[in-house]
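Structure first, commentary second.
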Amino acid sequence: MTELDNAKLVWMYRHMLRIREFEERVKRSFEEHPGVIRGHTHLADGAEASIVGSLAAIQQGDQILTTYRCHGYPLVLGTDPKAIMAEIYGRRDGLCGGYGGSMHLCDPGRGFLGTSGIVGQGIPQATGAAYAAQIRGQGQVVLGFFGDGATKQGAFSESLNIASLWKLPIVFVLENNSYNVVTRVEQEDANAAAGEPLSVKAKAFSMPGVTVDGGDPVRVHDTVADAVARARSGAGPTLVESLVYRLSAHGNLIAPPGVPLHFPEHEAVEVFGNLAEFEAAKRNDPVPRFRGRLVTDGVLAPDQADQIGAQVREEMQAAVDFALASPYPAADAALNYVYA
Amino acid sequence: MTELDNAKLVWMYRHMLRIREFEERVKRSFEEHPGVIRGHTHLADGAEASIVGSLAAIQQGDQILTTYRCHGYPLVLGTDPKAIMAEIYGRRDGLCGGYGGSMHLCDPGRGFLGTSGIVGQGIPQATGAAYAAQIRGQGQVVLGFFGDGATKQGAFSESLNIASLWKLPIVFVLENNSYNVVTRVEQEDANAAAGEPLSVKAKAFSMPGVTVDGGDPVRVHDTVADAVARARSGAGPTLVESLVYRLSAHGNLIAPPGVPLHFPEHEAVEVFGNLAEFEAAKRNDPVPRFRGRLVTDGVLAPDQADQIGAQVREEMQAAVDFALASPYPAADAALNYVYA
Amino acid sequence: MARELPYIAAINEAIRLEMARDDTVLYYGQNIATTENDEFVQAFGHDRVRVTPISETAEIGMAVGAALAGYRPVVELYMAEFMLVAMDQVVNEAPRMRYMSGGRVTVPLVLKAGYGFTAGWSGQHTGSIYAMFTGVPGLKVALPATPADAKGLMATAIRDDNPVCFFHHYLLTLEPGEVPEGEYLVPFGQAAIRRTGGDVTIVATGWMVGKALAAAAALAAEGIDAEVVDPRTIQPLDTDTILASVAKTGHVVLVDQATRHGSASAIIAAEIAERGFSSLRAAVTQVTALDATIPYSEPMEAFVLPDEAKIVGAVRGVLGTAPVS
Amino acid sequence: MARELPYIAAINEAIRLEMARDDTVLYYGQNIATTENDEFVQAFGHDRVRVTPISETAEIGMAVGAALAGYRPVVELYMAEFMLVAMDQVVNEAPRMRYMSGGRVTVPLVLKAGYGFTAGWSGQHTGSIYAMFTGVPGLKVALPATPADAKGLMATAIRDDNPVCFFHHYLLTLEPGEVPEGEYLVPFGQAAIRRTGGDVTIVATGWMVGKALAAAAALAAEGIDAEVVDPRTIQPLDTDTILASVAKTGHVVLVDQATRHGSASAIIAAEIAERGFSSLRAAVTQVTALDATIPYSEPMEAFVLPDEAKIVGAVRGVLGTAPVS
Ligand SMILES: Cc1ncc(C[n+]2csc(CCOP(=O)(O)OP(=O)(O)O)c2C)c(N)n1
Ligand SMILES: Cc1ncc(C[n+]2csc(CCOP(=O)(O)OP(=O)(O)O)c2C)c(N)n1
Ligand SMILES: [Mg+2]
Ligand SMILES: [Mg+2]
């Protein structure tokens, strides 16, 4: 905790809360405003500490690429939640004008280069951004975020080999939430089945690999910060496995139109009947956990924490209101941006 | 050397020589019979000990899949060299009727299920054959052969993960000849660049990985035999890295028609100016090396070795003669076998 | 005996029946069979029914290998676009191995994937990419439009000795329809005439069949009698049935959810322009998606897709410009 | 000033000139730049010129990422079929990212790959798979047929702000031709009329252009005057030039090295059948590869490929059946 001063710790708490509140509003939208969210939406609740801890470790000019589970990152990088919510609602004022939706946020001006909705495919893209950073020679570092399931996609291995070989300035942040949709990681990963951490995969690339409690933003920060320092120094990439637990189901229901969309129960309960696992994860929820710690450590007074909570709720209510009020794009705008 | 009796050692020597002689005849065909070989042809000279040692470790009913560098394996499995040469010459009596050519031999009756000319793509196919063997439950084992370069193709990682997870009866034989065409393995592999063996990749799959001198057929045999026993027992796959050196260039010249095709100098010399490496490899040629050892150990008398040499030369001359005499397929036979 | 079943249930019924009939049929893929409660696991066990990692190249490559070794894998791929990461196995391995072996091996496998989920799934999950597979010798491509065809084409796909892409339409998933019980096979390469009519031929596949029928109903009210042809498989393509219809009507509108230059309709148009030219009394007209990635937002998404009104307009166009016969 | 250069040298010249002009242009791929003797390494250094592992998904995915970050990568892929292992990056990532971002990003990159190596390379290395890319909004596809076009289209591809598939034909590799020196750009979407003629339009790309010209020469001896059109890029496709030619001749033969249902010619035929119908005086006829994987053995390989005789036959066919005008 050495490096992070109190202001930064509070900053981290605020952003964790902002992500949580934003995702709650997305989730509630399915009931409160049926039909405004279409397609498939994936939430970051449970991963707030990991996201905020990681992004606290980078600086202006650094860049990130993520998966479809992408709402949290731009909130931390400074993107207006109004624009994000409006994008998820498919509105003209959306971050991407309603073209991309929930899975395809991007804000290049703030270093968020984009996402891929296809598992694993963002990993080489992040690696390519790191290659660009290496050539540019201005000390930029790239963070590439992806899930445990994505490590079973060939793109992962191909990219980590090149990143290590070329000593690219990148940190691969593997958010291991133990699930790929309804499949548990032990059912699809040879390391997990053997009781090993997924960070052991780094050995195949002669790269350092480390596993961290993704529920602790400070540990995540410190781990990622070390990796970022290593990357920035020219020593090459690191694989950071961050252990998180998503607190919602993989995504809202996958259903043809006409069938109401909503978030079902978490797969641990719904599919595996493992209520104990889910309850334990809820008890271990990183957001109240971090609040408790900051209060205990005297970093944050309870009423200050409540105040932050109120501000964040207000901010996200405003995001919903803004998004609801934003007009839809003109239909024929669909033919813009096909080619540059 | 315990397990292999003298007859088997002589069998191994004979097959090594058969592969060498066959490949020499293929290579000479470019000068002696210009035009009979089309497209791209890849030789196994230098890898004989590895091929024969590996195939000496399997039994009737076991199966293999390989890459485009595929002439050696069927020679050991019992396929008639006449049919192989006729295939390479594009003739009607070819092993595959002239449809496949040098890169696509196959002889399913002898367990050789086929090849892929696309790097890495045979690895999942071999894994699938192993899945079939596991379900069939008759103790069959599959060997999947591929090169050092192929380990950088996503198909490699995806397959090894599943094979380990499912404990499939397969041995992955990585023939590391230090080159992918004109690229040295240290230029494209993070392990090699870090001075580690490629077998370290197995760690990413919680799978045993071992590196063996692929110039020594007995060591290859013993190593692969252990892995085969493990696979047959249901304990799962092994990655065996066999260190070989190909004694010819990657393949014949890649050139449009009109430009005469032939085998250029080895890349070590032609591209990297490293005559010393190439000369050392020639001095270490596994075929004379094994002959010397068998003679020294009293397993093989020099005149017996010479006799084998003469028989093999005769056999391969007959293969060339047969192939030259075989008619071309009828042009409209091209429309057969498109669909089953 | 037929009863009503949703499209997706009809597909599952075919897989179940074929697995019961032939124990070389395997069924695996991502996010299926993760618990013992899975109906396929219960019926056929974990040898033949497995969950896989997110490794399409391995999944499809393994299907090729298992097929070479005597099995008939059905790979659950969810969305056709996920095959793109493994496209080499689909177009350059599976369909070529038999040919390159000179007939020594067969590669019977089914790649089951949904497509066309144009319901807010945005740019990467909404494609109609079937035309990428039609020109690949050795490969077959089925596009069922009804629950009965979904069942019958799946059963045929599994029995076929070649690799088959079975593309079901996501927007039809819960569509109910009459489905025969027990063994039911729909042959490949036989188009279905969904509606007979003498004035114009409308050729459509998948979700577009319903739109074409709705358009035909609307046109009937104007006294225009449209024939609606559903090829059902686009490889093999039943060009003869299409040409026979065009010979009768002299006019044709081709409807395709794909973009114009990535469509099956372009391929069909080319066949008609060559082999049915003398029947034609008007331009061969395509109604396809507009040339854009599918956008997320609803008004834009609707704008780029073919719909009933666009089909009706196209039919009026070809009839209006037709020479008096 | 023009001088003779082989096709492949013309391509390399374009890359060299663009790299000199714009230091955001990168050039990497397998089996290039492995020693300090490499001309690109010498000119531009190892930052911008690199050898990669056999990892097409990473190579192309990295190009997308580098492009998002402001560079213009040219990826050397050798054979178009090797892109199949990375097809998602080509059709579902690179061309969609700008659109999905609502115009916030651009993805300028060039995927350089050879194709059509029908010279004994057998089933997996001989494909003409360009039609898989034509229906993908956001992607462009160039098919140069001459050394000059090879240079000019490559330069245009590198300057283009979109992902471009630059497919050079392997059998043209050493073909010499006049190539302008210095900066030389050939615009995308402008067909070249390789030969003017009034009786019939032959549309052909790549290696087929030479075959079409040979056929035209043979036909001239019979008094048939063929116009030969080379689209040069098939996405964008210069339909207007093709239609103008067909309007003049009334007859059209489309030549394509791909199979019939996987061809650019089908797409062009469909455009003509819709937009040029009133000009047509005969069936729109395609001469394509037969529906088989390319076999290894020479007589079989020749049998499946389009050639001069088949083109001549097709032209006689369309003219013979044409109504007297
Ligand atoms: C290539 C590909 N295959 C399958 C899918 C379907 N899919 C979407 S998300 C997902 C699970 C990914 O799991 P993980 O990488 O652990 O990320 P998480 O969703 O848990 O954050 C799958 C299988 C896809 N999008 N792309
Ligand atoms: C996916 C793919 N990319 C590139 C190629 C071109 N290629 C053919 S062989 C080869 C080298 C393979 O090296 P390695 O795996 O070490 O096998 P070796 O030839 O040394 O036996 C390459 C790059 C290919 N066939 N497939
Ligand atoms: Mg996960
Ligand atoms: Mg090698």
Heavy-atom donor-acceptor pair, [X] side chain to [Y] backbone, under 3.5 Å:
X: B/Glu87; Y: B/Gly97; value: yes
X: B/Arg136; Y: C/Ala69; value: yes
X: B/His40; Y: B/Asn252; value: yes
X: B/Gln125; Y: C/Met62; value: no
X: B/Arg92; Y: B/Tyr328; value: yes

Check whether [X] gets within reach of chain C through its side chain, its backbone, both or neither, counting any heavy atom under 4.5 Å.
X: B/Ala334; result: both
X: B/Ala155; result: both
X: B/Gln121; result: both
X: B/Ile135; result: both
X: B/Tyr131; result: side chain
X: B/Thr115; result: backbone
X: B/Leu160; result: neither

Against chain B, label C/Ile60 side chain, backbone, both or neither, depending on which of its atoms sit under 4.5 Å from a heavy atom there.
neither

Go through the atoms of C/Thr106 and report whether side chain, backbone, both or neither lie under 4.5 Å from a heavy atom of chain B.
side chain

From the list C/Asp160, C/Val85, C/Leu68, the residue making the most non-hydrogen contacts under 4.5 Å with chain B is C/Leu68

I'd like to know which of C/Glu59, C/Lys140, C/Gln89 tops the heavy-atom pair count under 4.5 Å against chain B.
C/Gln89

Is B/Asp189 paired with B/Lys201 through a side-chain N to carboxylate O contact shorter than 4.0 Å?
yes

is_close_aromatic(B/Tyr337, B/Tyr99), centroid dist under 6.0 Å:
yes

If you count heavy-atom pairs under 4.5 Å with chain C, which of B/Cys96, B/Gly137, B/Gly120 comes out on top?
B/Cys96

Highest number of heavy-atom pairs under 4.5 Å with chain C among B/Thr127, B/Ile123, B/Asn161, B/Ile118 belongs to B/Ile118

Polar contact flag, side-chain donor to acceptor under 3.5 angstrom, C/Gln30-C/Glu56:
yes

Quick check: closest heavy atoms across C/Cys165 and C/Phe133, and the distance to 0.1 Å?
SG-CD2, 3.9 Å

